[in-house]
*Asks:* 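Have a look at this one.
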Amino acid sequence: MPELPEVETIRRQLNEEISGYTISGLKADAGNNFSHPVGEVRKLITGLKIEKVDRQAKVLILSLTGHYHLLFHLKMTGRLLLRAPSDRGDKYVHAVFALTTGKNRLELRFADARKFGYVKLLKSDEELLKLRSGYGPEPLKELALNNFRQILSASRRAVKTVLLDQSKISGIGNIYANDALWLAGIAPSTPSNKITNGRINKLFKALLIVLRRGLRYGGASDNSYVQIHGEAGSYQKHFLVYKRTQEPCIKCKTPIQRSVLGGRGTFSCPKCQR
DNA sequence: CGTGGGACCTGAACGC
DNA sequence: TGCGTTCAGGTCCCAC
C-alpha cells in the first residue's frame, strides 16, 4: 500500500505545503500509536518549526528545529491528511497536529483504520542517522547497478523476498516488487543469486520504471492510500500483474497466477516469467 | 544465516 | 438481512 511512490508523493506535497509552519498543538486519542506518551511529545514539539519533510524507505520524516524529527509510518492503512481546522468527516483519526504560520492555520491529521502505523519522535540527529543506517539504499537516489548486483548475488532467498527486504533496498513493497519482476520477465521465486547479469540489468531497469511510473500517477489508491488532500492516486489503473489474478497477461494473454511467497500474495505470468 | 509462522487490527468482500 | 469466515499488506518477533 503506501510504498515508496505513495510515501514519496505525500512527502513532496507536505514538503511543499507545511515547511516553515510551526507546530502549535497536538491532540491524540487513546488509539494512537506513539513512541512516547502524547503529553511528552506535545511538550517537546510545540513551538518548533517544520524545516523540511524527508523520507527513508516508507517512513516519512518531519525534521523540526532543535534537531527533533517526527516520524510517521503508515504501514497498510495509515493516512496523513492536511486539512483546514474546520474540515470534518475524516474517519479513524488518531492524532491531530495543529500547524500555524502567520495567520494561516492547518491541521495535519494522522488516520489509520487498522492502527498498525506509528508516530515516533526522535530527539537528535544521531537517532535519525541510526534509523537510516538500518535501511538499504534508496532506489531512485542512491542505488547503483553494481550495488544492486552485489545485493542480489549475496542471497539465496527468492528474489522477490530480497526486493522486499528494507534492510537491503529501501521502499519496495508488494505492488512494485510484483510488477517489476513481471516487467523483467523473472519468476518471483528465482533464487536471488542465480539470476544472470543480463537479467539483473533488466530487473534494475524494470524496478526504476515501475517506481517512477507509480510516482507519476501519484501512487496506487488500491486500498486506503490517498494523498494529503484526500485525492486518489491512479497507478492502480496501470497494474502490470499485481491483483490481476486470472486476467490475461499484458504480453501473452496467459492468465495471471496468484501464489504465496514468503507469506505474501504474489502475482506472475507463468509463461513470461521464468 | 535463513525461514516459516503468528501477531498486530479492522474493513471489505464473500459464502451461506 | 445478517451472520460467519477469509483476506489484505508492512514489519516485528519468536522458534526452529
*Asks:* Between C/dA8, B/dG11, C/dT11, which one does the side chain of A/A113 approach most closely?
*Replies:*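 Nearest nucleotide to the side chain: B/dG11.
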
*Asks:* Please check the phosphate of B/dT10 (OP1 and OP2 only) for any side-chain N or O of A/K115 closer than 4.0 Å.
*Replies:*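 Answer yes for this pair, as a side-chain N or O of A/K115 is under 4.0 Å from OP1 or OP2.
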
*Asks:* Output a table of nitrogen or oxygen pairs between the protein and nucleotides 3-7 of chain B separated by less than 3.5 Å.
*Replies:*
unit_1: B/dT3; atom_1: OP2; unit_2: A/R157; atom_2: NE; d: 2.6

*Asks:* Please report the distance, rounded to the nearest Å, between CG in A/N32 and P in B/dC8.
*Replies:* 18 Å

*Asks:* Expressed as a whole number of angstroms, how long is the span from A/N223:CG to B/dT10:P?
*Replies:* 15 Å

*Asks:* State which of C/dA8, C/dT11, B/dG11 makes the closest approach to the side chain of A/Q166.
*Replies:*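 Output: C/dT11.
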
*Asks:* Side-chain donor-acceptor pairs under 3.5 Å in residues 184-193 of chain A, sequence neighbours left out?
*Replies:*
unit_1: A/T190; atom_1: OG1; unit_2: A/A187; atom_2: O; d: 2.6
unit_1: A/S192; atom_1: OG; unit_2: A/L152; atom_2: O; d: 2.7

*Asks:* Give the table of side-chain donor-acceptor pairs shorter than 3.5 Å for residues 200-209 of chain A, with sequence neighbours excluded, one pair per line with atom names and distance.
*Replies:*
unit_1: A/N201; atom_1: OD1; unit_2: A/R149; atom_2: NH2; d: 3.0

*Asks:* Using atom CG of A/D165 as one end and atom C1' of C/dC12 as the other, report the distance to the nearest whole Å.
*Replies:*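 About 13 Å, once rounded to whole Å.
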
*Asks:* How many whole angstroms separate atom NZ of A/K243 from atom C1' of C/dA8?
*Replies:*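 Answer to the nearest Å: 7 Å.
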
*Asks:* For the side chain of A/F116, counting heavy atoms from C-beta on, which of C/dA8, B/dC8, B/dG11 is nearest?
*Replies:* B/dC8

*Asks:* Take atom NZ of A/K91 and atom P of B/dT10, then tell me their distance rounded to the nearest Å.
*Replies:*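 After rounding, the gap between these two atoms is 14 Å.
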
*Asks:* Here's a test for you: under side-chain hydrogen bond (donor to acceptor under 3.5 Å, both in side chains), which of A/D112, A/D29, A/N33 qualifies with A/H94?
*Replies:*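 For A/H94, the side-chain hydrogen bond (donor to acceptor under 3.5 Å, both in side chains) test succeeds with only one of A/D112, A/D29, A/N33, which is A/D29.
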
*Asks:* Expected output check: what is the dot-bracket annotation of DNA chain C, where ( ) and [ ] are pairs inside the strand (brackets for crossing ones), | is paired with another strand, and pairs are Watson-Crick or G-U under 3.5 Å?
*Replies:* .|||||||.|||||||

*Asks:* Run the salt bridge (Lys or Arg N to Asp or Glu O under 4.0 Å) test against A/E231 and tell me which residues pass, sequence neighbours left out.
*Replies:* none

*Asks:* Among A/L106, A/L82, A/L108, which one satisfies side chain to side chain contact (heavy atoms under 4.5 Å, CB included) with A/E17?
*Replies:*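 The side chain to side chain contact (heavy atoms under 4.5 Å, CB included) with A/E17 is passed solely by A/L82 among A/L106, A/L82, A/L108.
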
*Asks:* Charged N to carboxylate O under 4.0 angstrom, A/K130 versus A/E126?
*Replies:* no

*Asks:* Would you say a side-chain N or O of A/K58 is under 4.0 Å from OP1 or OP2 of C/dT11?
*Replies:* yes

*Asks:* Can you tell me how far C1' of B/dC9 sits from CZ of A/R79, to the nearest Å?
*Replies:* 16 Å

*Asks:* Are A/Y176 and A/Y235 an aromatic pair by the rule of ring centers under 6.0 Å?
*Replies:*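 Yes, the ring of A/Y176 comes within the 6.0 Å limit of the ring of A/Y235, centre to centre.
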
*Asks:* For B/dG5 versus C/dC7, give the span between their P atoms, rounded off to a whole number of Å.
*Replies:* 14 Å

*Asks:* Just by distance, do the side chain of A/T46 and the backbone of A/K43 share a donor-acceptor pair under 3.5 Å?
*Replies:* no

*Asks:* For B/dC9 and C/dC3, measure between their P atoms and round to the nearest Å.
*Replies:* 24 Å

*Asks:* Can you name the residues that form a salt bridge (Lys or Arg N to Asp or Glu O under 4.0 Å) with A/R199, not counting sequence neighbours?
*Replies:*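 Listed in chain order: nothing, the list is empty.
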
*Asks:* CG of A/D112 versus P of B/dG11: gap in Å, rounded?
*Replies:* 11 Å

